[in-house]
Amino acid sequence: MAAFHQRVFSGVQPTGNLHLGNYLGAIKRFVELQAQHECVYCVVDLHAITVWQEPEELTRNIREVTAAFIACGIDPKKHIVFNQSQVSGHAELAWVFNCIARLGWLNRMTQFKEKAGKDRENASVGLYAYPSLMAADILVYRATQVPVGEDQKQHLELCRDIAQKFNNDYGKRISDLGFGDAYFPLTEPLISGPATRVMSLRDGTKKMSKSEPSDNSRINLTDDADTIAQKFRKAKTDPLPLPSTIKEMEERPEADNLIGIYAALADKTAEDVLKEFGGAQFSKFKEALTELAVAKLGPIGAEMKRLTADPAHIDAVLADGSARARVIANQTMKDVGKIVGFVGSSS
Ligand code: TYM
């Protein structure tokens with residue numbers, strides 16, 4: 001396989017209620033990767049409208065996710081921060097990929113099944129084709145690494161399948177045009193650390209999610225100290241003291257979840273946290289967890305508030321990022337046009 005320019009890409013949907021799972025599973029990793037990589041971080045507004053979004057709310061949410069990126073420590077000058085709808089290459093490449101991906105592949109996507117629920121006939125075509133757009137997001141930048149939470153694993157496998165089939169189907173063209181033996185990289189998912197799947201505070205077997213009706217199930221990035229304290233105090237636990245080993249945690253999803261959250265916030269391993277708190281009462285641990293979460297999230301929430309109070313600044317950041325993203329995406333679309341054989345793509 002050809003050597004590809006190393007580039008990180010990831011995206012977050014502007015659908016409201018950014019939570020601790022989004023932060024620990026994704027955005028915190030985005031921040032860490034900036035030191036060693038060239039990064040492109042996207043507010044995926046085209047993905048958001050696969051289910052109905054009130055227009056004013058969508059606008060607010062696009063700005064809020066952008067503010068969260070910046071407040072968490074993403075540098076939009078050194079890296080690229082933009083919103084998906086402003087770079088037409090995403091939707092264009094998604095169409096090409098709709099013609100590469102097979103119905104059978106999309107039929108296997110568990111997220112579609114979960115989101116469409118029982119009334120599948122009434123789900124949007126966009127929701128069904130979502131993973132193909134997601135592959136386009138990544139591959140229009142020919143990104144080599146994608147940091148995500150565990151719930152996106154299947155979509156990233158599909159992205160690799162699409163890249164591979166494109167490279168195979170057009171293999172001769174790709175090499176005749178001088179692109180080597182593959183045009184798209186087989187992107188590597190980056191899913192690691194103690195919080196790749198943060199669970200609901202009300203039920204340790206369910207994922208923490210933006211759409212869960214109970215606000216007590218999640219810590220939002222904009223929650224204040226009192227709300228964070230109250231939510232952790234109410235968080236479901238079992239009656240035993242904290243486990244002392246990873247093995248003991250296996251049958252105790254709520255303990256596992258809270259320990260994972262603590263470890264991720266403190267940049268420690270779950271083993272380190274067990275060494276410190278194994279055998280302690282949950283009430284004591286929850287106090288320490290609250291203190292840590294308030295120390296880490298408080299400044300982020302405050303900075304998000306400050307940034308969202310100046311929408312013109314956020315919009316300028318997005319416009320600048322979109323212009324820079326477009327340069328990369330347009331080049332890819334030119335190459336793809338040539339590879340596929342569209343007239344007019346050669347200039
Ligand atoms: P979204 O907007 O649902 O979530 C954004 C990121 O947060 C992660 N995440 C979690 N991680 C740990 N625990 C949780 N409970 C939790 N909930 C969410 C997600 O895994 C994700 O990394 N399809 C994507 C957005 C997307 C994308 C892309 C991602 C569109 N195109 C291209 C990467 C590359 C999504 O809906 O994420």
Side-chain angles (χ1 to χ4, degrees), residues 7-31 33 39-51 53 61-62 64-66 68-69 72 82-85 87 90-91 93-94 97 109-112 114-115 126-127 129-160 162-163 187-212 217-221 253 256-257 260-261 263-265 325:
R7 186 177 283 138
V8 168
F9 178 92
S10 199
V12 174
Q13 289 200 58
T15 43
N17 295 328
L18 275 181
H19 54 69
L20 195 56
N22 298 127
Y23 177 61
L24 296 177
I27 305 174
K28 186 167 183 287
R29 310 291 317 285
F30 300 179
V31 174
L33 285 161
C39 305
V40 181
Y41 295 130
C42 183
V43 184
V44 291
D45 46 11
L46 295 177
H47 277 102
I49 62 163
T50 55
V51 298
Q53 304 294 323
N61 286 334
I62 292 168
E64 188 176 85
V65 173
T66 312
F69 281 174
C72 291
F82 74 107
N83 57 321
Q84 189 186 23
S85 59
V87 180
H90 290 249
L93 187 59
F97 286 172
M109 294 295 114
T110 53
Q111 193 153 310
F112 173 75
E114 278 162 25
K115 287 202 172 166
L127 190 65
Y130 181 114
S132 171
L133 177 60
M134 183 161 157
D137 298 337
I138 297 165
L139 294 176
V140 86
Y141 302 98
R142 300 166 88 195
T144 46
Q145 286 122 306
V146 175
V148 280
E150 167 53 54
D151 61 343
Q152 297 300 316
K153 190 165 176 226
Q154 197 185 31
H155 289 158
L156 287 179
E157 281 160 10
L158 185 87
C159 175
R160 291 165 68 96
I162 290 177
T187 307
E188 185 197 344
L190 302 178
I191 307 174
S192 63
T196 56
R197 191 176 176 80
V198 176
M199 308 308 274
S200 157
L201 299 183
R202 308 299 287 161
D203 178 350
T205 63
K206 268 178 136 173
K207 194 178 69 171
M208 185 178 284
S209 130
K210 293 171 188 163
S211 53
E212 165 67 41
S217 68
R218 64 181 161 260
I219 304 285
N220 300 306
L221 290 188
D256 188 355
N257 189 37
I261 291 173
L265 282 171

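Just follow the structure's listing: the first ligand is 1, and inside any ligand the first atom is 1. One-based numbering along the sequence shown. All values below come from the heavy atoms of this structure, side chains included, with hydrogens, waters and symmetry mates left out. Bear in mind the structure is a predicted one, so any value in this text is a computation, not a measurement.
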Near ligand 1 (heavy atom, under 4.0 angstrom), the protein residues are Phe9, Ser10, Gly11, Val12, Gln13, His19, Gly21, Asn22, Gly25, Ala26, Val44, His47, Tyr130, Met134, Asp137, Ile138, Val146, Val148, Gly149, Asp151, Gln152, Ala195, Thr196, Arg197, Val198, Lys207, Met208, Lys210
Minimal heavy-atom distance between Glu64 and Asn17, with the atoms involved, is OE1-N, 4.5 Å
Rounded to the nearest 0.5 Å, the CG atom of Leu20 sits from the CZ atom of Arg218 at a distance of 12.0 Å
What distance separates Cys42 SG from Gln13 CD, expressed to the nearest 0.5 Å?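 Answer rounded to 0.5 Å: 11.0 Å.
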Checklist line | Min side-chain heavy-atom separation Phe9-Thr187 under 4.5 Å | finding: no
Run the salt-bridge test on Glu212 and Arg202 with the 4.0 Å N-O cut-off and return the result as yes or no.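 Salt bridge between Glu212 and Arg202, a charged N being under 4.0 Å from a carboxylate O: no.
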By salt bridge (Lys or Arg N to Asp or Glu O under 4.0 Å), Arg29 pairs with (sequence neighbours left out) Glu32
